[in-house]
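Shown next, in structure tokens, is the structure this report addresses.
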Amino acid sequence: MSMKNQTLVSEIVLLGFQNLHNFKIPLFSLFLLIYIMIICENVLIIVLVSSSRNLQSPMYFFLQQLSACDVLESTIIVPILLQTVINEGATLYFVDCLVQFYFFSLTEAFEIFLLAVMSYDRYVAICNPLRYSSIMSHRVCVTLIFVSWLLSLIAVLIIANIMATLQFCDQNTINHFFCDFFPIVELSCSDTYLVHINIMLQSVPVIFIPFILITISYICIAHAILKIVSNTGRQKAFSTCSSHLAVVSIFYGALTAVYVVPPKKESQTISKVLSLLYTVVTPLVNPLIYSLRSKDIRDVLQRILNRLPQAPRGQIY
């Protein structure tokens, strides 16, 4: 006789980072500062790309999408993180917990696919520059973004379907700072073996295939860069690619460690730190690595600053 799905848990308690004691206020201030910086940096990129004719290339269109994704993701995660820090925990309705997890999964999956699209864009720009405008037309760029959101939505719907098969009885405490997949699954009183197998299988098209595409793209880019005669141009290109690869490696490395490697209860602190890398650190450094280092964006920003009225100098009598 099959049992119907039932959920007896009405509220979820997030423990966050425990035993902070004297570090509670400094850590809260640090995370709040980081959140403000994330919002300011990414909104600045969105506004600059939208308002400047010099930033209408496909690369900046994708960077604008990345900034919008980072704003959404950090807004989903950081307010609850701040609450868990200052109150040494947070209480959410079970439905709200699931909603947070689904929206977080949607933005995270979109960023994975977007990074692959951005690497392909750079591959075409460097390895096939003469056909770049025709290959990466505005219609193609919009289509790639639409497909990325569509694939992300499909991935989230698959996860939601998996979660719907679970039963939640009396456990309602999550040792994490947000509602993530494995912490939620651990609350279930159902057999979760098949759930873990399904999520590992889903990580192949969602995590590993985009990462392989990114790796192949940058290998081709590196091969093309080696053919550059100018040492200055070669060093500049390698510097840019190495910075991008560093961010991608941190992002994908943390995702793989959390979602692919089976989690252990005794490694909850490590899991929280790894989660901070792709929920807080990556949205903070993405604008610095991908956008604000760009000469075009710096030039546009400089022109805007030059137009601002200067404060009158004091006169000496």
Side-chain angles (χ1 to χ4, degrees), residues 41-72 107 109-153 209-248 251-252 285-304:
E41 289 175 352
N42 287 285
V43 169
L44 176 63
I45 299 302
I46 294 172
V47 172
L48 289 178
V49 174
S50 299
S51 59
S52 176
R53 294 181 179 179
N54 296 330
L55 301 177
Q56 298 304 309
S57 67
M59 179 181 71
Y60 294 112
F61 173 73
F62 293 137
L63 289 175
Q64 185 185 45
Q65 300 299 314
L66 180 64
S67 292
C69 179
D70 285 339
V71 169
L72 289 174
T107 57
F110 173 74
E111 184 162 346
I112 291 173
F113 292 123
L114 180 59
L115 290 175
V117 169
M118 291 170 63
S119 67
Y120 174 72
D121 171 71
R122 291 298 84 205
Y123 161 76
V124 176
I126 295 176
C127 300
N128 203 351
L130 297 180
R131 297 186 58 198
Y132 178 69
S133 298
S134 60
I135 294 176
M136 300 302 294
S137 64
H138 181 70
R139 181 177 180 180
V140 171
C141 294
V142 173
T143 301
L144 289 173
I145 293 300
F146 174 77
V147 171
S148 297
W149 277 116
L150 181 61
L151 292 176
S152 304
L153 181 60
I209 291 180
F211 182 71
I212 291 172
L213 293 176
I214 291 173
T215 303
I216 293 174
S217 297
Y218 277 107
I219 289 174
C220 295
I221 290 172
H223 185 262
I225 290 174
L226 290 174
K227 297 180 180 179
I228 297 177
V229 178
S230 170
N231 289 330
T232 304
R234 189 186 307 164
Q235 291 176 359
K236 182 179 179 180
F238 265 122
S239 174
T240 302
C241 289
S242 61
S243 300
H244 293 184
L245 281 176
V247 174
V248 170
F251 180 74
Y252 276 92
V285 301
N286 273 345
L288 301 176
I289 298 297
Y290 287 106
S291 300
L292 297 180
R293 288 184 60 185
S294 167
K295 184 177 184 300
D296 293 334
I297 287 185
R298 291 202 307 269
D299 289 344
V300 171
L301 185 59
Q302 185 63 46
R303 286 198 294 269
I304 292 176

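Scanning both residues, Pro129 and Ala125, for their nearest heavy atoms gives CB-O, 3.4 Å.
Leu144 has its side chain within reach of Phe62: a pair of non-hydrogen atoms, C-beta onward, lies under 4.5 Å apart. Residues Leu301 and Leu44 are in side-chain contact: their nearest non-hydrogen atoms beyond the backbone lie under 4.5 Å apart. Taking the side chain as every heavy atom from C-beta outward, Glu41 and Asp70 never approach each other to under 4.5 Å. Contact check for Thr215 versus Phe211: side-chain heavy atoms found under the 4.5 Å cut-off. Residues Asp121 and Tyr132 are in side-chain contact: their nearest non-hydrogen atoms beyond the backbone lie under 4.5 Å apart.
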Derivation of the side chain to side chain contact (heavy atoms under 4.5 Å, CB included) call for Leu153 and Trp149: CA-CA 6 Å; Leu153 181 60; Trp149 277 116; over 6 Å; no
Step-by-step side chain to side chain contact (heavy atoms under 4.5 Å, CB included) determination, Val117 to Gln65: CA-CA 11 Å; Val117 169; Gln65 300 299 314; over 6 Å; no
Pair Asn128-Tyr123, side chain to side chain donor-acceptor pair (under 3.5 Å): steps then yes or no: CA-CA 7 Å; Asn128 203 351; Tyr123 161 76; over 6 Å; no
I'd like a table of donor-acceptor pairs (distance under 3.5 Å, sequence neighbours excluded) in which one partner is a side-chain atom from residues 50-61, with atom names and distances.
| from | atom 1 | to | atom 2 | distance (Å) |
| --- | --- | --- | --- | --- |
| Ser50 | OG | Ile46 | O | 2.8 |
| Ser50 | OG | Gln64 | NE2 | 2.5 |
| Ser51 | OG | Val47 | O | 2.7 |
| Ser51 | OG | Leu48 | O | 3.4 |
| Ser52 | OG | Asn54 | N | 3.2 |
| Gln56 | NE2 | Val49 | O | 2.8 |
| Gln56 | NE2 | Ser52 | O | 2.6 |
| Tyr60 | OH | Ser294 | OG | 2.5 |
| Tyr60 | OH | Asp296 | OD2 | 3.0 |

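Annotation: the span from Glu111 atom CD to Ser148 atom OG amounts to 11.5 Å, rounded to 0.5 Å. Atom CD1 of residue Ile212 and atom OG of residue Ser217 lie 11.5 Å apart, to the nearest 0.5 angstrom. In this structure, SG in Cys220 is found 11.5 Å from CD1 in Ile225, a value given to the nearest 0.5 Å. Taking CD1 of Ile112 as the start and SG of Cys69 as the end, the distance is 9.5 Å to the nearest 0.5 Å.
With Tyr120 as the fixed residue, the side chain to side chain contact (heavy atoms under 4.5 Å, CB included) test singles out one of Leu115, Ile135, Ile214: Ile135. When the options Ile297, Val71, Leu66, Asn286 are evaluated for a side chain to side chain contact (heavy atoms under 4.5 Å, CB included) with Ile45, the one that passes is Ile297.
For Ser67, the side chain to side chain donor-acceptor pair (under 3.5 Å) partners two or more places apart in sequence, or in a different chain, are Asn42.
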